[in-house]
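One structure below.
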Amino acid sequence: MPMSVNVYDILKERGFIAQTTHEDEIREMLGKEPVTFYIGFDPTADSLHVGHFIQIMVMMHMQRAGHRPIALVGGGTAMVGDPSGRTDMRKMMTLDTIRHNAESFKKQLSRFLDFSEGKAIMVNNADWLLDLNYVEFLREIGVHFSVNRMLTAECFKSRLERGLSFLEFNYMLMQSYDFLMLYRKYNCKMQLGGDDQWSNILGGAELIRRVEGGSAYGMTFALLTTSEGKKMGKTEAGALWLDPAKTSPYDFYQYWRNVDDADVMKCLALLTFLPMDEVRRLGSLKDEKINEAKKVLAYEVTKLVHGQEEADKAKAAAEALFGGGGVGAEVPGSTISMDQFRENANIIDMLLLLGLIPSKGEGRRLIQQGGIYVNDERIDDIGHTLAEDDLKDGSLMIRKGKKVYHKVTVKG
RNA sequence: GGAGGAGUACCCAAGUGGCCAAAGGGGGCAGACUGUAAAUCUGUUAGCUCAGCUUUCGAUGGUUCAAAUCCAUCCUCCUCCA
């Protein structure tokens, strides 16, 4: 298999790599042969989010370079909960929830990777973890772990201050066991993951070396953080989901359109496939010009996640709304009936109906502070009533603050 | 199992009988300035039929004209000892 550019160098140049177990050996191995590797995703929610997307980008880069990804859905590990980087205990999830989430993960993952002809594999660790025999597991795997060493691991530090249950303490063993199983079954030699997974990955690589005497490697990737070190991809509504039903393509697009200047280059490198020369050019734009880079970023990421059609729509909507142009058809909004319109003609009732405000108090505040516009006219009376005259071609535009647009279409 | 300590709004955290819908900070939202950025400044941040009323300080019950504050029971968490 021809490999012109070593994928390790690509990942390195784009800023993915945080830590590796054996840098030189890994680079050499990736350069000369197809390698089977895996990344685990614990189904703790019913959709993947941007944090996962970084890992998916890595898998795509690796697959393009001829390597074989295994996407591991953590149906078994989710039963226990990874304590890494957490300050409090995870909520215990029911079996049904986990199953449902695992199914959603599978669906989403298959959009990004080519699973045909064994080019990628999807597994669920519930298949081997749930039926484990406790004593056997302790004897086969448990012997190889030193509690003393585990306690010094970075990922448990914060938890040792707040408390760590035995249940969660075992997470590392389970993940290590996963790696061993995949090594045995698929000759999986590498585990990749977010940097918070470093300890868990090391555990697995060492386990394989001890039990099988084989060579196993690990590599972690920078978590997506802002220049201030905060986790990226968080919105007021929670995470930035990949599921269009949970985060609309328009909102998704807007999130990237609005990233901090300082983060633009990093995001372009990590979240798009644009050539690095282009990334550097866009990232070095200054002042107002950097808006161009943000538009490219938003479009490219949205295209990868939601497809070209949705990306085009999101872009068109953004241009129509912010470019001062007319109101395009693809603007985010909702459709209500004429009865609903009449019954909720009071502006605050309408905002509530549309889900733009959580309570009427919030609505009054917004209006008093001048944050609500109807058809681009500021509303300054909390008793304002919408009239049918406000409708233009059966719709009207409500704006909350500077950026939240909502088109109301009235039918019937 | 024993001894102490803690649970306050989205988060952290003050408040130990009335002046408490509850200081302060963070976060959020809105306004000004801008580039749909950042920083800064201002306002706001329980609900409602909003100068009034209703429901909140782990839960339940009690004392009192009056409780986040006092008492009882329970739940949860932490620390030390075993």
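Protein chains get the first letters and strands the later ones, always in sequence-line order, with residue 1 at the start of each. When reading the values below, keep in mind they use all heavy atoms of this one structure, side chains included, and skip hydrogens, waters and symmetry mates.
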NA contact type, A:G370, heavy-atom cut-off 4.0 Å: base, sugar-phosphate, or nothing? sugar-phosphate

Give A:R378 one of three labels, base, sugar-phosphate or nothing, depending on what nucleic acid heavy atoms sit under 4.0 Å from its own. sugar-phosphate

Taking the C1' atom in each of B:rA46 and B:rU56, what is the distance between them to the nearest angstrom? 7 Å

Quick check on RNA chain B: between A:L352 and A:R399, whose nearest nucleotide comes earlier from the 5' end? A:R399

A:K360: partners by side-chain hydrogen bond (donor to acceptor under 3.5 Å, both in side chains), with sequence neighbours left out: A:D349

Between A:K303 and A:D312, does any side-chain N to carboxylate O distance fall below 4.0 Å? no

Below 3.5 Å is the cut-off: list the nitrogen or oxygen pairs between protein and nucleotides 43-45 of chain B, distance only.
residue : atom : partner : partner atom : Å
B:rG43  : O2'  : A:Q369  : NE2          : 3.3
B:rG43  : N2   : A:Q369  : OE1          : 2.7
B:rG43  : N2   : A:Q369  : NE2          : 3.3
B:rG43  : N3   : A:Q369  : NE2          : 3.1
B:rU44  : O4'  : A:Q369  : NE2          : 3.1
B:rU44  : O2'  : A:R365  : NE           : 2.7

How are the rings of A:F322 and A:Y405 set to each other: parallel, tilted or perpendicular (split at 30° and 60°)? perpendicular

In this structure, how many angstroms lie between the P atom of B:rU36 and the CZ atom of A:F252, rounded? 22 Å

A:D349 CG to B:rU49 C1', straight-line distance once rounded to whole Å: 11 Å

Check the angle between the aromatic planes of A:H49 and A:H52 and answer parallel, tilted or perpendicular using the 30° and 60° thresholds. tilted

Taken to the nearest whole Å, CD1/A:I348 to P/B:rC29 is 20 Å

Name the nucleic acid region contacted by A:I372, choosing base, sugar-phosphate or nothing; use a 4.0 angstrom heavy-atom cut-off, strictly under. nothing

Identify whether any heavy atom of A:K289 sits under 4.0 Å from a base atom; if not, whether one sits that close to sugar-phosphate; answer base, sugar-phosphate or nothing. nothing

Could you work out the separation of B:rU44 and B:rG25 based on their C1' atoms and round it to a whole Å? 16 Å

If you measure from the P atom in B:rA59 to the same atom in B:rU55, how many Å do you get, rounded? 15 Å

Pairwise P distance for B:rA3 and B:rG18, with rounding to whole Å: 33 Å

What heavy-atom pair brings A:S47 and A:L242 nearest, and what distance separates the two atoms? OG-N, 3.7 Å

In Watson-Crick or G-U wobble terms, with both distances under 3.5 Å, the base opposite B:rA37 is none

Is the phosphate of B:rA37, meaning OP1 or OP2, less than 4.0 Å from a side-chain N or O of A:K403? yes

Complement of B:rA22, any strand, by Watson-Crick or G-U distances under 3.5 angstrom: none

Under 4.0 Å: is that the gap between some side-chain N or O of A:K360 and OP1 or OP2 of B:rU49? yes

Can you tell me the pairing partner of B:rC70 across any strand shown, Watson-Crick or G-U wobble, with both distances under 3.5 angstrom? B:rG62

May I ask you to decide whether A:E362 forms a salt bridge with A:K400, counting only side-chain N to carboxylate O separations under 4.0 Å? no

Out of A:Y250, A:F252, A:F112, which residue meets the ring-ring contact (aromatic ring centres under 6.0 Å, His included) rule with A:H306? A:F252

Could you let me know what B:rU44 is paired to, Watson-Crick or G-U wobble, both distances under 3.5 Å, or none if it's on its own? B:rG28

